[in-house]
Asks: 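Dropping a structure here in structure tokens format, bear with me for questions.
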There are 2 protein chains.
Amino acid sequence: VIETRDLTKTYTMGDIVVKALRGTSLKIYENEFVAIMGPSGSGKSTIMNILGCLDVATSGDYFLDGIDVKKNTANQLADLRNQKIGFVFQAYNLLPRTPAIENVELPMLYNPNINAKERRERALEALRSVGLLERAASMPNQLSGGQQQRVAIARAIVNDPVLILADEPTGNLDTRTSFEVMEIFQKMNALGKTIALVTHEPDIAEFTKRNVHFRDGSIFKDEMVANP
Amino acid sequence: VIETRDLTKTYTMGDIVVKALRGTSLKIYENEFVAIMGPSGSGKSTIMNILGCLDVATSGDYFLDGIDVKKNTANQLADLRNQKIGFVFQAYNLLPRTPAIENVELPMLYNPNINAKERRERALEALRSVGLLERAASMPNQLSGGQQQRVAIARAIVNDPVLILADEPTGNLDTRTSFEVMEIFQKMNALGKTIALVTHEPDIAEFTKRNVHFRDGSIFKDEMVANP
Ligand SMILES: Nc1ncnc2c1ncn2[C@@H]1O[C@H](COP(=O)(O)OP(=O)(O)OP(=O)(O)O)[C@@H](O)[C@H]1O
Ligand SMILES: Nc1ncnc2c1ncn2[C@@H]1O[C@H](COP(=O)(O)OP(=O)(O)OP(=O)(O)O)[C@@H](O)[C@H]1O
Ligand SMILES: [Mg+2]
Ligand SMILES: [Mg+2]
């Protein structure tokens with residue numbers, strides 16, 4: 001479902017050059033459940049943004065379901081993203097002046113097959129699954145850090161996407177809430193979804209089936225999990 | 001150094017009432033090293049913001065070094081904060097259009113005893129201690145999540161405050177970088193500083209000397225750490 005070949009991403013700021021990705025070749029097959037790990041600054045968010053069609057590589061190829069992503073227009077990529085991908089951002093990126101329920105409904109606005117009533121029902125169900133049904137009317141700045149993170153998770157799953165990309169989805173959650181979120185992801189994986197999530201916590205990586213370790217812009221270890 | 005009596009914090013949004021704190025009495029003595037833990041939404045950031053004089057309680061008392069905080073004007077509280085407290089925010093709150101080095105220098109601008117040259121040296125040293133010296137000129141949006149978090153940590157320690165309040169300072173850091181940050185806090189505690197930090201990770205709480213557990217707006221357990 002995901003195939004990258006020699007992806008590089010380089011940032012140049014004056015005379016500082018940062019090689020965020022140094023030639024990353026990664027294959028993720030349908031229905032896999034992958035944890036992406038590695039030190040701070042090792043390229044995890046960078047590759048997630050490229051996989052989610054939110055950013056473009058400096059060089060190399062990215063094929064999503066066989067489609068060569070760089071051959072697509074910005075509009076085609078936006079459609080691809082909306083139809084196929086649910087994304088949880090490391091900084092959540094909720095719309096600040098919009099209540100939780102509307103933030104969660106957002107991905108469904110592009111879907112001509114869902115009417116307003118069903119949109120509302122699905123958004124409420126997604127909020128219920130992350131334990132925030134009673135806060136549906138709250139603004140992001142009225143929610144705790146972990147509550148905002150859970151709204152972002154609800155938003156990523158509500159459109160029933162085939163691919164979920166989650167960047168540190170439990171970074172601000174206590175152990176029990178993290179485990180509840182990982183159970184949601186495990187259920188979705190059992191239903192056939194492909195999931196790649198970034199985590200720096202080995203306990204969370206244990207819930208997945210494969211761990212890919214980054215170091216300084218490259219993949220240095222790629223191993224199956226013994227007992228997910 | 002910190003004494004709260006029956007602090008409450010209540011938010012009312014239409015007909016939803018959220019009791020973020022339900023009568024919290026907490027004492028933190030000089031040179032203590034406390035971890036504040038608890039589920040998402042249990043009141044940890046709320047009490048940290050009140051302790052940091054960034055927010056006021058709905059009722060109850062807060063004495064900082066014997067000073068009754070609610071008897072102070074906003075300006076007096078701002079001075080108190082700048083002189084005594086270093087604060088790491090859960091969402092970092094860096095100035096977006098300001099390079100890392102200037103973000104770190106910010107708390108020292110209020111200090112008449114430090115000139116521009118010393119300010120720059122201390123900011124560079126703080127960035128070096130969190131492994132980000134070479135990124136001093138970068139803007140926050142050019143830094144990874146964990147790098148932004150480390151800039152926020154550097155900013156909190158640079159003014160050599162007597163009290164450090166850190167809200168999830170390792171939430172976006174890998175294990176090794178988290179341990180480096182906890183070693184910085186341990187060194188500062190050994191030099192006499194008082195430190196209270198929020199964490200949801202038991203491994204991180206192990207570095208401290210006392211764990212205070214919140215649940216639903218109240219302290220439900222308060223225990224010393226066996227072997228910090
Ligand atoms: N400005 C606000 N308006 C309304 N409710 C608020 C506001 N700020 C916080 N709350 C609510 O108060 C409760 C406690 O919030 P707080 O941020 O202290 O939790 P927390 O323990 O830090 O959680 P987390 O671990 O998720 O960061 C939550 O239910 C939250 O939604
Ligand atoms: N817009 C940008 N401009 C310049 N450098 C950038 C930019 N975005 C990312 N970088 C740099 O690229 C490198 C990789 O960043 P990335 O965000 O992928 O790291 P990460 O593995 O997600 O880290 P973390 O665990 O801290 O979130 C870092 O050194 C970062 O500073
Ligand atoms: Mg990242
Ligand atoms: Mg919080």
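Keep in mind the model is a prediction, meaning the values are calculated, not measured. Chain A is the first sequence line, chain B the second, and so forth, proteins listed ahead of strands; every chain is numbered from 1.
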Asks: Would you say that more than 12 heavy atoms from the other residues, nucleotides or ligands in this model lie under 6.0 Å from the NZ of A:K70, or not?
Replies: yes

Asks: In terms of heavy-atom contacts, does NZ of A:K19 have more than 12 from other residues, nucleotides or ligands at under 6.0 Å?
Replies: no

Asks: At a heavy-atom separation under 4.5 Å, does A:E201 approach chain B through its side chain, its backbone, both, or neither?
Replies: side chain

Asks: Is B:S138 close to chain A through its backbone or its side chain, or both, or neither, when contacts mean heavy atoms under 4.5 Å?
Replies: side chain

Asks: Select one option (side chain, backbone, both, neither) describing which atoms of A:S42 are under 4.5 Å from chain B's heavy atoms.
Replies: neither

Asks: Heavy atoms only: give me the nearest A:H200-B:G171 pair and the separation to one decimal.
Replies: CE1-O, 2.8 Å

Asks: Shortest non-hydrogen contact from A:T175 to B:P202?
Replies: OG1-CD, 4.3 Å

Asks: Please determine which of A:R150, A:E180, A:Q147 meets the side-chain hydrogen bond (donor to acceptor under 3.5 Å, both in side chains) test together with B:S40.
Replies: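 Only match with B:S40 under side-chain hydrogen bond (donor to acceptor under 3.5 Å, both in side chains): A:R150.
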
Asks: Quick one: do A:V18 and B:R135 satisfy side-chain contact (heavy atoms from CB on, under 4.5 Å)? Show the steps, please.
Replies: CA-CA 10 Å; A:V18 176; B:R135 300 301 299 271; 3.7 Å; yes

Asks: Select one option (side chain, backbone, both, neither) describing which atoms of A:L173 are under 4.5 Å from chain B's heavy atoms.
Replies: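 Answer is both: backbone and side chain atoms of A:L173 are under 4.5 Å from chain B.
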
Asks: Would a 4.5 Å heavy-atom cut-off, applied to side chains only, mark A:N172 and B:E168 as touching?
Replies: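 A:N172 vs B:E168: side chains touch.
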
Asks: Would you check if B:P39 and A:R176 make a side-chain contact, meaning some heavy-atom pair closer than 4.5 Å?
Replies: no

Asks: Ignoring hydrogens, what is the shortest heavy-atom contact between B:G145 and A:Q90? Give both atom names and the distance.
Replies: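 For B:G145 versus A:Q90, the nearest heavy atoms are CA-NE2, 3.7 Å.
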
Asks: Side chain, backbone, both or neither: which part of A:Q149 has a non-hydrogen atom closer than 4.5 Å to chain B?
Replies: neither

Asks: Within this structure, what is the CG-NE2 distance for the pair A:D174 and B:H213, rounded to the nearest 0.5 Å?
Replies: 12.0 Å

Asks: Considering only heavy atoms and a distance below 4.5 Å, find which of B:S178, B:S144, B:A91, B:A20 pairs most often with chain A.
Replies: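 Ranked by heavy-atom pairs under 4.5 Å with chain A, first place is B:S144.
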
